[in-house]
Amino acid sequence: MENFEKPPQLNSGTPPLNDARLPQPAPEQKGGSLTSKIKESFEVAKEKGLSLAEYRGLKIKEYLGRLNEEEFNKLLDLDFQNQLRDNPSIDKVFSPEAELARIRSLPKEGRREALDKFKENLATQREALANCRVFIERCIEFNHDVPKKKLVGLIGKFSTQYGFTEKQKQITEQLIDGYYTNRQRALEIRERFPNDTALVKELSDIEFDNTAKFDISTGPMSIDITTNGFNAGRIFQNSKNIVIKLQFGGFAAKSQHKQPVPYIVINKSNFWQGRLRHRDALIHEYEHQKNRLFREIFEKQADPSEEILIFSQYESEQDPELKKGLLEAYFRLRRRGALQHAKDEIIAMKKDGGSYSYDFFFMKDKSPYDYLTYVRDWEAKKNDSLWQETAERILVDGYRKVLESAVSAFDRLKKEGGYTRDEIIAMLVDRPLPEWPKTAKRLLEQKVKKLKSKTTR
């Protein structure tokens with residue numbers, strides 16, 4: 001076998017993009033609803049008698065994994081109240097399919113207003129589903145063995161405010177069950193194979209001698225293996241169910257068992273002095289991969305049939321105003337998914353401290369980070385003026401504005417606020433990208449007030 005230091009084909013970058021066969025949406029594109037104006041959490045914290053510094057301290061402690069259970073529950077409650085503060089509730093169960101059917105039955109003069117309300121409720125509910133996922137992930141990250149009752153309770157709390165359908169609630173509960181299934185399989189196989197080399201053999205079906213070095217831990221729902229490039233390459237070559245391949249030398253896969261066990265392999269040889277200067281970068285790269293495994297489960301909670309339905313309605317609609325509105329709604333759903341992926345990449349890039357050009361989010365086939373090219377440049381729609389004009393406005397101009405504003409907000413917090421990158425990530429990681437500028441503005445305003453208060457004493 002070739003004596004390579006880096007594992008073969010581990011630098012392809014990012015989760016697979018959707019293929020061009022619309023309207024089928026890929027599960028990993030769900031989530032990340034963005035339209036509601038949510039007040040910053042420290043406003044709620046202030047009402048609860050918690051200072052900005054105390055609230056920020058809790059957020060940073062959560063990011064660093066240093067909260068106790070009482071502090072975590074307190075922070076979770078504050079953040080849930082914040083989600084409710086200005087995010088408009090939906091006063092009844094909202095089914096996109098049923099609502100679209102109702103709109104089509106209305107007189108023509110009433111459709112436009114009804115469609116505007118439909119788009120508002122659709123965005124609100126998608127945001128609630130995304131926020132519900134984030135809260136579930138946070139609970140799992142804090143305690144990998146969190147009682148199921150607590151997670152199901154979160155579904156109920158969000159559903160009461162945002163009109164989840166029975167199908168949406170059932171899907172989310174099924175996905176929570178999927179988490180516990182993967183969790184149990186990982187725990188059981190680790191217990192059965194306490195020897196690291198034997199465990200790797202069981203997962204990958206590759207024999208390693210006793211000189212092979214592995215650092216193995218049990219993640220929330222996977223076995224996590226850190227090793228050198230040569231060993232990582234051997235495992236990669238023999239892995240049949242590759243789930244994710246990432247830029248910095250890692251991949252996620254599943255074992256060949258009848259009930260497969262997820263595992264993650266990290267090539268520590270890629271984390272050398274000069275390329276990634278801090279051990280934190282290695283830790284973050286693990287988080288980067290783990291987060292994608294979380295999304296593989298939880299981002300399916302928004303029913304994909306909704307997007308297919310809206311696209312189908314757009315295709316068949318004859319009324320120009322309704323057709324335009326339906327296309328806008330469809331594109332905004334696709335943009336939300338792309339922004340969720342972009343946020344994950346931006347945080348990783350900010351974490352490793354490198355210098356990047358964010359133009360690669362728009363480089364089409366030249367970049368695996370252009371998540372929307374398959375929609376913008378769909379061959380069947382290249383001569384469709386409505387499609388092209390709307391795509392340019394929402395998927396190019398609007399998308400670029402959100403990305404640039406978010407990156408600028410991050411940089412302002414570092415330059416003007418003096419925050420460390422870990423502090424900034426802690427304050428932004430659970431916010432959608434369009435909320436970053438408002439969050440940064442509020443943090444900087446509070447910092448200025450604090451400084452003025454000190455100088456006037």
Side-chain angles (χ1 to χ4, degrees), residues 7-19 26-31 133 136-137 140-141 144-145 171-172 174-208 212 214-268 285-301 304 341 344 368:
Q9 304 175 39
L10 296 190
N11 60 349
S12 58
T14 188
L17 300 181
N18 302 54
D19 78 30
E28 60 266 31
Q29 291 283 56
K30 305 300 178 290
R133 172 184 60 82
I136 288 170
E137 289 179 10
I140 290 171
E141 181 59 21
H144 299 341
D145 297 302
I171 289 172
T172 308
Q174 288 168 5
L175 296 168
I176 289 173
D177 288 339
Y179 164 74
Y180 287 111
T181 297
N182 284 327
R183 171 74 177 157
Q184 191 60 35
R185 288 177 188 172
L187 291 173
E188 288 176 354
I189 201 167
R190 173 80 270 197
E191 185 176 358
R192 284 171 51 210
F193 296 92
N195 178 274
D196 289 347
T197 304
L199 178 58
V200 173
K201 167 66 167 63
E202 181 66 17
L203 292 170
S204 66
D205 200 30
I206 297 177
E207 288 279 2
F208 287 92
F214 300 101
D215 182 8
I216 296 181
S217 61
T218 304
M221 55 182 177
S222 62
I223 297 296
D224 305 328
I225 305 165
T226 300
T227 188
N228 62 33
F230 181 79
N231 292 339
R234 289 190 65 195
I235 299 171
F236 180 82
Q237 286 183 326
N238 207 54
S239 295
K240 306 298 184 184
N241 294 317
I242 302 295
V243 179
I244 300 166
K245 293 179 285 185
L246 291 174
Q247 184 176 7
F248 298 127
F251 66 94
K254 294 180 181 178
S255 69
Q256 296 297 301
H257 298 96
K258 185 177 180 180
Q259 296 182 328
V261 179
Y263 62 92
I264 293 173
V265 178
I266 294 175
N267 171 17
K268 68 180 181 182
E285 197 58 31
Y286 161 68
E287 292 297 312
H288 202 33
Q289 297 182 33
K290 184 184 64 181
N291 288 341
R292 281 179 174 150
L293 287 180
F294 273 133
R295 285 209 307 269
E296 186 182 67
I297 289 183
F298 291 115
E299 285 194 357
K300 296 175 185 176
Q301 66 192 51
H341 286 306
D344 192 42

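All values derive from a computational prediction rather than experimental measurement.
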The reported gap from OG in Ser255 to CD1 in Ile189 (rounded to nearest 0.5 angstrom) is 5.5 Å

Item checked: pair Asn231-Val200: side-chain heavy atoms closer than 4.5 Å -> no

Residues His144, Thr218; criterion side chain to side chain contact (heavy atoms under 4.5 Å, CB included); working and verdict
CA-CA 10 Å; His144 299 341; Thr218 304; over 6 Å; no

Only residue of Leu199, Leu203, Asp205 satisfying side chain to side chain contact (heavy atoms under 4.5 Å, CB included) with Lys201 is Asp205

Here the pair of heavy atoms bringing Ala232 nearest to Asn267 is CB-CB, 4.1 Å

When rounded to the nearest 0.5 Å, the distance separating CD of Gln259 from OG1 of Thr181 is 8.5 Å

Does the side chain of Val261 come within less than 4.5 Å of Glu202's, by heavy atoms? no

For Tyr263 and Ile225, the nearest pair of non-hydrogen atoms, with its separation, is CD1-CD1, 4.4 Å

Between Arg183 and Pro220 the two heavy atoms that sit nearest each other are CD-O, 2.7 Å

- Compare all side-chain heavy atoms of Ile235 with those of Phe208 and state whether any distance is below 4.5 angstrom. yes

Nearest heavy-atom contact between Pro260 and Pro262 is O-CD, 3.9 Å

Hits for side-chain contact (heavy atoms from CB on, under 4.5 Å) against Asp215, two or more places apart or cross-chain, chain-then-number order -> Thr226

Are any side-chain N or O atoms of Arg190 and backbone N or O atoms of Arg185, one a donor and one an acceptor, separated by less than 3.5 Å?
no

What I'd like to find out is whether the side chain of Tyr179 reaches to under 4.5 Å of the side chain of Glu137, using heavy atoms alone.
no

Sorted by chain and residue number, the side-chain contact (heavy atoms from CB on, under 4.5 Å) partners of Asn195 (sequence neighbours excluded) come out as Thr197, Ala198

Ser204 and Asn238 have their tightest heavy-atom pair at O-ND2, 2.6 Å

With a 4.5 Å heavy-atom cut-off, do Leu187 and Asp145 have their side chains touching? yes

